[in-house]
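A short write-up of the structure that comes next.
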Number of protein chains: 2
Amino acid sequence: MEAVTNPRRERVDAARNRAKILAAAAEIVSVHGVEGLAMAEVAAAAGVGVGTLYRRFGDRSGLAYALIDEREREFQSAFIQGPPPLGPGADPASRIRAFLHALTDRTVEQLDLLLMAETASPFARFGGAYDGYHAHLSMLIGQADPTADAYVLADQLLAPLAASLLAHRLRTCGVTVDRVKSALDQLLPLR
Amino acid sequence: MEAVTNPRRERVDAARNRAKILAAAAEIVSVHGVEGLAMAEVAAAAGVGVGTLYRRFGDRSGLAYALIDEREREFQSAFIQGPPPLGPGADPASRIRAFLHALTDRTVEQLDLLLMAETASPFARFGGAYDGYHAHLSMLIGQADPTADAYVLADQLLAPLAASLLAHRLRTCGVTVDRVKSALDQLLPLR
DNA sequence: CGATAAACCGGAACGTGTTCCGCTTGCAAG
DNA sequence: CTTGCAAGCGGAACACGTTCCGGTTTATCG
């Protein structure tokens with residue numbers, strides 16, 4: 001029998017380059033911050049051409065998302081299959097609250113990268129992690145209140161957690177994370 | 001007596017150029033859409049150098065805001081001093097609802113320009129029109145419910161009306177404006 | 001009216017994200 | 001091992017926003 005691995009696997013040189021690029025990008029971010037993350041710089045540091053970056057990651061925000069991805073997976077599995085109140089087991093209202101609080105923390109944690117990714121292409125987040133958040137939250141809303149328009153309501157609860165808004169309030173207006181969270185609670189009449 | 005006009009008036013050539021630039025920009029947008037609004041194009045069409053655009057409008061998003069500005073003034077005066085329920089006279093809860101609905105319409109109306117301005121510099125809206133919206137809304141919230149954290153709550157009610165989110169839902173997901181508005185109402189337990 | 005300073009002007013130059021294309025390499029089939 | 005070719009590669013070329021600066025125009029004051 002023929003050894004059927006995945007139909008189309010990434011070539012080994014391609015995989016090696018992806019790793020080199022991600023390592024170089026992470027290094028640059030940790031030293032020079034997100035502003036220092038220029039495509040030509042990353043390419044040079046990784047020892048590849050810029051074309052290679054674009055084939056692998058699409059564009060600048062794609063590279064940022066790849067950098068974010070690892071922690072993203074952890075977060076997703078926490079609210080899908082982790083322990084309550086974030087994961088299954090608690091009542092819907094508690095899970096909604098726990099989810100929004102956790103997402104706030106998670107966004108603040110990688111604020112700079114998210115901000116850059118969001119700015120570079122405002123729709124990138126939709127279709128990426130955003131859709132997962134949205135699906136999860138609208139499911140919970142539907143459980144908590146079957147009469148609500150869960151689909152749009154989920155959008156509107158997620159919107160205040162956009163990186164650009166959080167960055168502005170936290171950094172320019174001196175609002176604390178706890179205050180953001182408790183205001184979020186006031187927005188939640190769902191029971 | 002000396003004719004004291006404003007201490008520092010715009011020079012006549014500068015005013016003429018501003019008008020030419022705005023006319024050219026409006027023309028370009030109406031023909032080629034917002035994507036066609038390139039700084040060099042506008043400069044050429046207006047018969048000025050690019051440097052002149054930057055002195056007048058700061059950057060690309062500044063030009064977009066100037067294009068938006070006229071309608072913006074109308075809207076601001078409508079909710080500050082116009083007839084109720086948008087203007088003064090109605091109860092706070094009604095004014096909040098009317099304001100959010102009107103802002104939705106107003107955003108949808110110039111969605112492309114707002115989207116561009118927002119994308120070019122995510123903080124531009126803060127400090128521009130956004131602060132006016134925020135001040136107005138947090139005042140109304142304070143009247144409706146003195147125990148609420150009006151400041152942050154106002155942010156969170158404004159966030160779902162970001163141009164990027166509206167554009168995504170309206171254009172990619174087939175959600176209607178009316179549905180957005182009625183979901184907004186579900187978010188308003190304030191009375 | 002003439003002089004002076006501040007404001008303004010144009011467009012070349014620059015930085016950075018993105019695309020393009022001819023060459024090379026890994027991989028599998030014969 | 002040879003061969004065919006899809007996938008990958010590098011970096012020059014390109015697009016476009018932004019900055020810079022030497023020359024010009026406008027407004028004001030004597």
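Letters A, B, ... mirror the listed sequences (proteins, then strands); counts begin at 1.
Of the N and O atoms on the side chains of B/S61 and B/D59, at least one donor lies less than 3.5 Å from an acceptor on the other residue.
Whole-Å rounding puts the B/E10 CD to C/dC8 P distance at 7 Å. The distance between atom CE of B/M116 and atom P of D/dC16, rounded to the nearest whole Å, is 14 Å. A straight line from CD of B/E35 to P of D/dG17 spans 12 Å, rounded to a whole angstrom. Counting to the nearest Å, the P atom of D/dG10 and the CZ atom of A/R56 are 10 Å from each other. Rounding to whole angstrom units, CG of residue A/L53 and C1' of D/dG10 are separated by 12 Å.
Not a single ring pair (Phe, Tyr, Trp, His ring centres under 6.0 Å) links A/F57 to another residue, sequence neighbours left out. Partners of B/F75 under the ring pair (Phe, Tyr, Trp, His ring centres under 6.0 Å) rule, at least two apart in sequence or in another chain, are B/F79, B/Y133. The ring pair (Phe, Tyr, Trp, His ring centres under 6.0 Å) test applied to B/H101 returns no partner, not counting sequence neighbours.
Looking only at distances, no side-chain donor or acceptor of B/R169 sits under 3.5 Å from a matching main-chain atom of B/G174. Under a 3.5 Å cut-off, the side chain of A/Q186 and the backbone N or O of B/A148 do not form any donor-acceptor pair.
Using a 4.0 Å cut-off, no side-chain N or O of A/R55 falls inside it from OP1 or OP2 of D/dG10. OP1 or OP2 of C/dC9 sits under 4.0 Å from a side-chain N or O of B/N17.
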I'd like a list of close polar pairs between nucleotides 22-26 of chain C and the protein, N/O only, cut-off under 3.5 Å.
from: C/dT25; atom 1: O2; to: A/R11; atom 2: NH1; distance (Å): 3.2
from: C/dT25; atom 1: O2; to: A/R11; atom 2: NH2; distance (Å): 3.3

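Using a 4.0 Å cutoff on non-hydrogen atoms, no part of residues 18-31 of chain A comes near DNA chain C. Of the residues in residues 38-49 of chain A, those placing a heavy atom less than 4.0 Å from an atom of DNA chain D are A/G47, A/V48, A/G49, in numerical order.
Using a cutoff of 4.0 Å between basic side-chain nitrogens and carboxylate oxygens, B/D69 and B/R73 are scored as salt-bridged. Using a 4.0 Å cut-off between charged nitrogen and carboxylate oxygen, B/E10 and B/R56 count as a salt-bridge pair. Between B/D112 and B/R171, at least one side-chain nitrogen of the basic residue sits less than 4.0 Å from a carboxylate oxygen of the acidic one, meeting the salt-bridge criterion.
Among D/dA12, C/dC9, D/dG17, the nucleotide with an atom closest to any side-chain atom of B/R60 is D/dG17. Of the candidates D/dC9, C/dC9, C/dT19, the closest approach to any side-chain atom of B/A14 belongs to C/dC9. Of the candidates C/dC8, C/dT18, C/dG11, the closest approach to any side-chain atom of A/V50 belongs to C/dT18.
Between B/V180 and B/T176 the shortest side-chain heavy-atom distance does not fall below 4.5 Å.
Note: the hydrophobic cluster containing A/L67 also contains A/L114 (ILVMFWY, side chain heavy atoms under 4.5 Å, direct or indirect links).
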